Amino acid sequence: MSTLQQRFPNHYSDAPARLQAYEIPERGEPGKAAGLLLPASESEVGEMLRTANETGARLVISSGRTGLVEAQRPEGEIVLSLEKLQQPLSFSLADGRSFDFETGLAPEAHGDALAAWWRDAGKPSVDGASILVEGAMAVDALNQILAPIDLMFPMEMGSSSAATVGACVANASAGANAVCYGTATHMCLSASGYWGNGEPSGNCTATRWRLPSPDALAIDSASVNTDWGLIGSQGAFGVITQLRLRTYPVPMQREAAMLPVADMPAAMRILGAARAAFPGEVEEFEFIGRSALELVRGLRGDAFRWPFETDPGAPYFVLLQLKTPDPNIDLAARLYEFLAGELDLQDELIGYAPLPVLKAIRHSITEASNHRMRALGGGRLSFDTATPVAVFGDYLAGLQAQLEADFPQVEWIAFGHAGVGGAHLHLLGTRESPVKASAAALIRRVIDVTLAHGGTFSAEHGIGPKWAEEYAAHTTPETLEGLLAQKRRLDPNNVLNPRSFGFDRLLK
Ligand SMILES: Cc1cc2nc3c(=O)[nH]c(=O)nc-3n(C[C@H](O)[C@H](O)[C@H](O)COP(=O)(O)OP(=O)(O)OC[C@H]3O[C@@H](n4cnc5c(N)ncnc54)[C@H](O)[C@@H]3O)c2cc1C
């Protein structure tokens, strides 16, 4: 019996049937877990880490298990699952008054209790309010708690029903409305937990979001800010067990439209014009490539509704979403004036539909890509890149042209967060021509073109083991040494996520 098992008999398992669920990653091949640790309290996380340091055990962190860079997939390590740490702790107003949540309630009941406290307090202003939660609370659960008092935690990802706030803050996750609110790191006032050596971290802080200049990268999870400690460091140095999060008012009105564009440079001109016309009110600016939309149409069948009377036949579409805190202005009319007036778009090229219909199209792309991959039977390479917004249109146009010319056998699906220059690229092979056969050349080409445009090969999904080699290859020796020095200081035995960033090789 291992020391971890002896010390935590009720919170440790090595039963193969139990481990199986933790061996299958969101994407990629299954791994192999040596055991499973399920801490039931924050302090137990620290105790487990200290024991792992004594015994030389290695752990991979697992929360909602939606991560896309294989960080949570064990390869002989023990899985440290934070899934029991999902309680809200307290809600604080800017004037210092606070509400403590009861333990053990469902999110809706927490939301009702919070709303009752707020009403009894005379409905005070919630400007600047924050909420203290445990690390493994799911994003959607947090929003269920905040919704009754018209507040939100604005992470909009296709994975938010399972993805946890701790992981999002650790991974600098961005999502569809990063153009407005930044990444999860910016939504976090402070995070605390335990370093890899088992010592308490104290409060780690980051900075509030400010939209960078169009010439700078807005999102880049290949750049770890070591001054932020646990925040944005992807579980490399420690485990976030508790966070104080900013809250944001749910906008009084939202309006959106889908627009066909001739190419991505044209799409980015719309973004520039929209930002100038609606300062601070562009909540989302997503792009969807033609092939992605066709796949969603195929997947949905008769249930699919074009937001246009007829298919406009464009190679790209953008989804522009505006918000306002003002209940009285006519936001729909302002959007229409902008599209029909300033952009001079014909009515048939303005794709209006209820917001959930437009969102459903955007959020179906991954599922549609999964279906297509299975049907083609040749595997998939997935990329999560970003460039400065100023060159994003040219970047995508250039990359697509190169891939179509040099890899005609590969199917290209492109979509993502154009507002912050972020692209999700799926390259699919066929049974006759599996993507594996040309994987090295494809990866090289995508990364080279991305870097040539001042971009990053990991915009928001992190490094994990998936991009460890690229990280080492494209990081300056000074930056790499800074990361390794921090790792040696805070996790000297490389207990936590030992293969992420290639630590197992780099620390030798
Ligand atoms: C359909 C789909 C859509 C997605 N869309 C987006 C998107 O738009 N934008 C985006 O950024 N991501 C997106 N993702 C990726 C994913 O949801 C995020 O990376 C998210 O942060 C992972 O959260 P999780 O709780 O599932 O973490 P897990 O997958 O359980 O963990 C992954 C890794 O995160 C780190 N980690 C987890 N919890 C902690 C913690 N408490 N402390 C320290 N480190 C921790 C560890 O390194 C861990 O190994 C998407 C994923 C899917 C499946």
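Values in this document were obtained by computation on a predicted structure and should not be read as measured data. Both counts, for ligands and for their atoms, begin at 1 and track the order of listing. Residue numbers run from 1 in the order of the sequence given.
Phe287 pairs in a ring-ring contact (aromatic ring centres under 6.0 Å, His included) with only one of the listed residues (Phe392, Phe317, Tyr395), which is Phe392.
Ring planes of Phe415 and His424: tilted class, angle from 30 to 60°.
No side-chain N or O of Ser458 forms a donor-acceptor pair with one of Thr456 less than 3.5 Å apart. In the model, Gln321 has a side-chain atom that pairs as donor or acceptor with a side-chain atom of Glu283 under 3.5 Å. Using a 3.5 Å distance cut-off with no hydrogens or angles, the side chains of Gln72 and Tyr22 do not pair a donor with an acceptor.
Residue pairs satisfying the side-chain hydrogen bond (donor to acceptor under 3.5 Å, both in side chains) criterion with at least one member in residues 190-204, sequence neighbours excluded, are absent.
For ligand 1, residues of the protein lying within 4.0 angstrom by heavy-atom distance are Glu26, Ile61, Ser62, Ser63, Gly64, Arg65, Thr66, Gly67, Leu68, Ala71, Gln72, Leu82, Met157, Gly158, Ser159, Ala163, Thr164, Ala167, Cys168, Ala170, Asn171, Ser173, Ala174, Gly175, Gln234, Gly235, Gly238, Val239, Ile240, His417, Glu460, His461, Asn497.
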